[in-house]
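All residue numbers refer to positions in the sequence shown, counting from 1. Every heavy atom of this structure was used, including side-chain atoms; hydrogens, water molecules and symmetry mates were not.
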Amino acid sequence: MPRKTKKEKRNDYIKDLKKELYDQILLQVPKGTKDRLKEVSASMDISVNEYINRLIKADLEQDHKPDDLHTMLRRWQVKDKYHPFIQSASHTPTTGYFIKLKKGYINDYSGSDEIIVDKTDTLKHIMQFTHPVRTPEEMCGLDSKTYEQLIRWQMPKSYIPLVESIEDHAIHLKDGRTLEFKSVSELRYLWKTI
C-alpha cells in the first residue's frame, strides 16, 4: 500500500475533524437565491456558509414558544370580541384553521362548537355567526339564524317578539307591516317607528 503524502494526511485530518465538529445539511433554495446569498455575504465580507450559519444562529436564539391563543387569533385577524368565545385554536397545512368554541357557544355556519376552514378570510367571515347558545324562549319562536341576524342589525330585544320573518333588506312583522331598509343605519332609525 502506497504511503500517504503530507498533503493527503492533512486532508484526511481536516475531513475527520469536520465530521467530528459539524453536521452537514443539504439546503435547496429557489433559483436565483444562491446568487443573492453570494451578493449579500460578499458585501459583508464573509462566506455564504458563514452568512447562513449566522441567520440560523440568530433565529435559534429567539424564544420560539408557540403563540398564545390571543396572539394567534389576532394574526388570523379574528376580531377581539370573539376571543372570549374560543377555547382553543390550531392550524395545520393539511386540515387548515381549527377553532373549538367554549361550552355554551355555537357557530351557525358550522352548526356546532367547532369551526374548520382553509383560509383566514373564510374564518373571519364565519366567526360573525358565532354566539352564545340561545334558549327557545329568548328566540321567541324564531330560528337561530334569523334571531342572530336581528342581533347583528342591533334590533332592541323587546321588539324581537314582533318579528315574523326577515329578508336581506326587509323585516316582516307579525302585525303585517314590513320594514324595508337599504342600510343598517336606516334600519336603526326605523326601530323608532315600531
Side-chain angles (χ1 to χ4, degrees), residues 30 55-56 58-194:
L55 292 174
I56 291 170
D59 187 66
L60 290 176
E61 287 174 355
Q62 292 181 14
D63 190 9
H64 283 286
K65 290 185 209 167
D67 287 341
D68 70 346
L69 182 62
H70 295 294
T71 304
M72 186 184 328
L73 294 173
R74 283 190 187 106
R75 193 175 65 247
W76 295 355
Q77 299 176 357
V78 173
K79 291 183 179 178
D80 286 349
K81 70 180 183 178
Y82 298 117
H83 293 195
F85 303 175
I86 299 171
Q87 178 178 318
S88 62
S90 63
H91 174 263
T92 62
T94 53
T95 57
Y97 298 89
F98 172 78
I99 288 184
K100 173 75 173 167
L101 300 173
K102 289 180 180 175
K103 186 174 181 174
Y105 292 91
I106 192 165
N107 180 274
D108 286 335
Y109 192 88
S110 69
S112 73
D113 62 353
E114 294 181 348
I115 301 167
I116 303 172
V117 295
D118 58 346
K119 297 179 184 174
T120 55
D121 287 344
T122 309
L123 181 61
K124 288 188 301 188
H125 172 71
I126 289 175
M127 282 308 297
Q128 69 181 325
F129 301 105
T130 303
H131 57 84
V133 174
R134 311 288 185 181
T135 64
E137 296 80 26
E138 184 180 7
M139 293 193 307
C140 305
L142 299 171
D143 64 87
S144 181
K145 287 185 180 182
T146 301
Y147 181 84
E148 293 305 322
Q149 185 60 53
L150 292 170
I151 297 296
R152 279 192 290 279
W153 285 342
Q154 300 176 6
M155 180 177 212
K157 287 190 178 183
S158 60
Y159 294 162
I160 290 177
L162 306 175
V163 175
E164 178 73 34
S165 64
I166 64 170
E167 294 177 30
D168 283 344
H169 294 283
I171 297 175
H172 303 287
L173 302 176
K174 289 178 180 174
D175 65 6
R177 292 184 292 160
T178 298
L179 302 175
E180 293 185 12
F181 56 94
K182 293 179 183 158
S183 69
V184 176
S185 300
E186 183 181 348
L187 179 59
R188 285 189 202 123
Y189 174 76
L190 289 174
W191 296 147
K192 298 173 186 173
T193 66
I194 294 179

Asks: Take atom NZ of K174 as the centre, draw a 6.0 Å sphere, and report whether it contains more than 12 heavy atoms from other residues, nucleotides or ligands.
Replies: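 Yes - once you tally the heavy atoms of other residues, nucleotides and ligands closer than 6.0 Å, there are more than 12.
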
Asks: For I56, give me all partners under side chain to side chain contact (heavy atoms under 4.5 Å, CB included), at least two apart in sequence or on another chain.
Replies: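 Partners of I56 under the side chain to side chain contact (heavy atoms under 4.5 Å, CB included) test: I52, L60.
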
Asks: What residues, two or more places apart in sequence or in another chain, satisfy ring pair (Phe, Tyr, Trp, His ring centres under 6.0 Å) together with F98?
Replies: none

Asks: Going by side chain to side chain donor-acceptor pair (under 3.5 Å), name the residues that satisfy it together with T120, two or more places apart in sequence or in a different chain.
Replies: none

Asks: Apply the side chain to side chain contact (heavy atoms under 4.5 Å, CB included) test between M127 and each candidate in T122, V117, L73, I115; give the one that qualifies.
Replies: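 The option that passes is I115.
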
Asks: Hey, are the side chains of H83 and L69 touching, using non-hydrogen atoms and a 4.5 Å cut-off?
Replies: no

Asks: Not counting sequence neighbours, list each pair that qualifies as a salt bridge (Lys or Arg N to Asp or Glu O under 4.0 Å) and has a residue in residues 79-97.
Replies: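 Listed by first then second residue: R74-D80.
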
Asks: Does any non-hydrogen side-chain atom of L179 lie less than 4.5 Å from one of L190?
Replies: yes

Asks: Can you sort out the partners of H91 under ring pair (Phe, Tyr, Trp, His ring centres under 6.0 Å), two or more places apart, ordered by chain and number?
Replies: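 Expected list: Y97.
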
Asks: Take L101 and Q87 through the side-chain contact (heavy atoms from CB on, under 4.5 Å) test and state the conclusion after the steps.
Replies: CA-CA 5 Å; L101 300 173; Q87 178 178 318; over 6 Å; no

Asks: Rounded at 0.5 Å granularity, tell me how far CD in E137 sits from SG in C140.
Replies: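 Answer rounded to 0.5 Å: 9.5 Å.
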
Asks: Identify every side-chain donor-acceptor pair in residues 149-160 under 3.5 Å, counting partners at least two apart or on other chains, and give the distances.
Replies:
unit_1 : atom_1 : unit_2 : atom_2 : d
Q149   : OE1    : R152   : NH2    : 3.2
R152   : NH1    : Q128   : O      : 3.0
Q154   : OE1    : R188   : NE     : 2.7
Q154   : OE1    : R188   : NH2    : 3.3

Asks: Between the main-chain N or O of P84 and the side-chain N or O of K102, is there a donor-acceptor pair closer than 3.5 Å?
Replies: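 Yes; judged by distance alone, with no hydrogens or angles, the pair exists.
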
Asks: Which pairs pass salt bridge (Lys or Arg N to Asp or Glu O under 4.0 Å) with one or both residues in residues 120-130, sequence neighbours excluded?
Replies: D121-K124

Asks: Check whether N107 reaches the backbone of I126 with its side chain - one donor and one acceptor, N or O, closer than 3.5 Å.
Replies: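 It does hold such a pair.
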
Asks: Just verifying a value: how many Å separate T94 OG1 and D118 CG, rounded to the nearest 0.5 Å?
Replies: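 It comes to 12.0 Å.
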
Asks: Which pairs of donor and acceptor atoms, one on a side chain in residues 163-171, lie under 3.5 Å apart (sequence neighbours left out)?
Replies:
unit_1 : atom_1 : unit_2 : atom_2 : d
E167   : OE2    : H172   : NE2    : 2.6
H169   : ND1    : F181   : O      : 3.4

Asks: Taking only residues two or more places apart in sequence or in another chain, which ones pass side chain to side chain contact (heavy atoms under 4.5 Å, CB included) with S112?
Replies: S110, E114

Asks: Is there a side-chain contact (heavy atoms from CB on, under 4.5 Å) between T178 and L173 once you walk through the steps?
Replies: CA-CA 6 Å; T178 298; L173 302 176; over 6 Å; no

Asks: Indicate yes or no: does D143 engage K145 in a salt bridge with an N to O separation below 4.0 Å.
Replies: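 Not counted as a salt bridge, because no side-chain N and carboxylate O are separated by less than 4.0 Å.
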
Asks: According to ring pair (Phe, Tyr, Trp, His ring centres under 6.0 Å), who are the partners of Y147, at least two apart in sequence or on a separate chain?
Replies: none

Asks: Could you tell me which non-hydrogen atom of A89 sits nearest to which non-hydrogen atom of W76, and how far apart they are?
Replies: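 Heavy atoms only, the tightest pair is CB-CZ3, 3.7 Å.
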
Asks: How would you list all residue pairs meeting ring pair (Phe, Tyr, Trp, His ring centres under 6.0 Å) that involve residues 126-145, not counting sequence neighbours?
Replies: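 Sorted result for residues 126-145: H125-F129.
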
Asks: First locate atom CD1 of I86, then atom CD1 of I99, and finally report the distance between them rounded to the nearest 0.5 Å.
Replies: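 Between I86 CD1 and I99 CD1, I get 4.0 Å after rounding to 0.5 Å.
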
Asks: Not counting sequence neighbours, which residues clear side chain to side chain contact (heavy atoms under 4.5 Å, CB included) with P132? List them please.
Replies: Y105, R134

